[in-house]
Engineer: 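The structure is given below, and queries will be raised subsequently.
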Amino acid sequence: MKKFRPNPRNIVVAATLVAAFLVMASIFVPDRTEAVEEQPPVPSEAYSAEARENMSLIGELEGDQYTVKFYATPHGPLYSVYDRNGAELADLVTAADIAERFPDLQLTDAYADVPYRTMGTDVGPHW
């Protein structure tokens, strides 16, 4: 049976890396930031047609009963809900509004694993 003998060169390299990490960790200290109160989202009535055109559609979930479109806004995400025939049921509402109006539609439990798109190539899981 062969005995394990540590290579002195590997020990020196490992010790150097540990020492460099400790030095860098003592030099770089993250800045403290103030906690900022979150502003409530602006109600959907405040969005004009022009503002809606400038919103980014960040995703869409299609289920058996509903289709939900997700929009990015400066005040957080807003959602539009459509029935299976495409009729609009709610337009630019918050997740709290959806939970109140559609108790069977649980956005807080929703999860989507989508491909990551880079340079025109899909990377990641495919459905």
Side-chain angles (χ1 to χ4, degrees):
M1 184 184 266
K2 192 175 185 180
K3 281 191 169 182
F4 174 74
R5 290 185 139 170
N7 185 346
R9 182 174 158 209
N10 290 346
I11 293 172
V12 170
V13 169
T16 303
L17 289 174
V18 168
F21 172 78
L22 292 174
V23 168
M24 295 309 245
S26 68
I27 293 173
F28 295 109
V29 178
D31 295 331
R32 293 183 180 266
T33 58
E34 296 280 328
V36 179
E37 266 189 54
E38 220 176 279
Q39 295 179 351
V42 176
S44 59
E45 297 83 28
Y47 290 105
S48 65
E50 292 173 8
R52 184 184 180 111
E53 290 176 9
N54 294 328
M55 287 184 197
S56 297
L57 177 66
I58 57 175
E60 183 175 324
L61 289 176
E62 190 172 328
D64 292 337
Q65 294 181 331
Y66 304 106
T67 298
V68 181
K69 293 186 178 184
F70 302 81
Y71 294 93
T73 72
H75 301 284
L78 291 178
Y79 309 91
S80 293
V81 181
Y82 304 88
D83 68 8
R84 68 176 68 170
N85 298 321
E88 186 177 276
L89 302 175
D91 188 36
L92 299 177
V93 295
T94 64
D97 293 333
I98 289 178
E100 184 180 311
R101 292 171 61 181
F102 306 97
D104 55 335
L105 180 58
Q106 297 295 321
L107 291 180
T108 56
D109 297 335
Y111 172 78
D113 194 7
V114 296
Y116 174 70
R117 191 160 190 82
T118 177
M119 303 286 291
T121 307
D122 284 339
V123 180
H126 297 276
W127 304 349

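Here the structure is a predicted model, which is why all the values come from computation and not from measurement. Hydrogens, waters and symmetry mates are skipped; everything else that's a heavy atom, side chains included, is used.
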Engineer: How long is the gap from CG on Asp91 to NZ on Lys69, to the nearest 0.5 Å?
Structural biologist: 10.0 Å

Engineer: At their closest point, which heavy atom of Ser80 faces which heavy atom of Tyr71, and how far apart are they?
Structural biologist: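 For Ser80 versus Tyr71, the nearest heavy atoms are OG-CE1, 3.6 Å.
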
Engineer: Does Asn10 have any side-chain hydrogen bond (donor to acceptor under 3.5 Å, both in side chains) partners at least two apart in sequence or in another chain, and if so, which?
Structural biologist: none

Engineer: Specify the closest pair of heavy atoms between Phe102 and Leu89, including all atoms of both residues, with the distance to one decimal.
Structural biologist: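 In this case the closest contact between Phe102 and Leu89 is CZ-CB, 3.8 Å.
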
Engineer: May I have the step-by-step check of side-chain contact (heavy atoms from CB on, under 4.5 Å) for Val81 and Arg101, ending in yes or no?
Structural biologist: CA-CA 11 Å; Val81 181; Arg101 292 171 61 181; over 6 Å; no

Engineer: Atom OG1 in Thr94, atom CG in Leu78: separation rounded to 0.5 Å?
Structural biologist: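 Between Thr94 OG1 and Leu78 CG, I get 7.5 Å after rounding to 0.5 Å.
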
Engineer: How long is the span from the CZ atom in Phe70 to the CD atom in Glu60, to the nearest 0.5 Å?
Structural biologist: 9.0 Å

Engineer: Compare every heavy atom of Asp64 with every heavy atom of Arg84, then report the nearest pair and how far apart it is.
Structural biologist: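 Where Arg84 meets Asp64 most closely, the heavy atoms are NE-O, 3.4 Å.
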
Engineer: Quick one: list whatever passes side-chain hydrogen bond (donor to acceptor under 3.5 Å, both in side chains) with Tyr66, sequence neighbours left out.
Structural biologist: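 Scan of Tyr66 (side-chain hydrogen bond (donor to acceptor under 3.5 Å, both in side chains), adjacent residues dropped) gives Asp104.
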
Engineer: Counting only pairs under 3.5 Å, give me each side-chain donor-acceptor contact of residues 11-28, with atom names and distances, residues two or more places apart or in other chains.
Structural biologist:
from  : atom 1 : to    : atom 2 : distance (Å)
Thr16 : OG1    : Val12 : O      : 2.7
Ser26 : OG     : Leu22 : O      : 3.4
Ser26 : OG     : Val23 : O      : 2.8

Engineer: Whether the side chain of Asn85 engages the backbone of Ala87 through a donor-acceptor N/O pair (distance < 3.5 Å, no angle test) should be reported.
Structural biologist: no

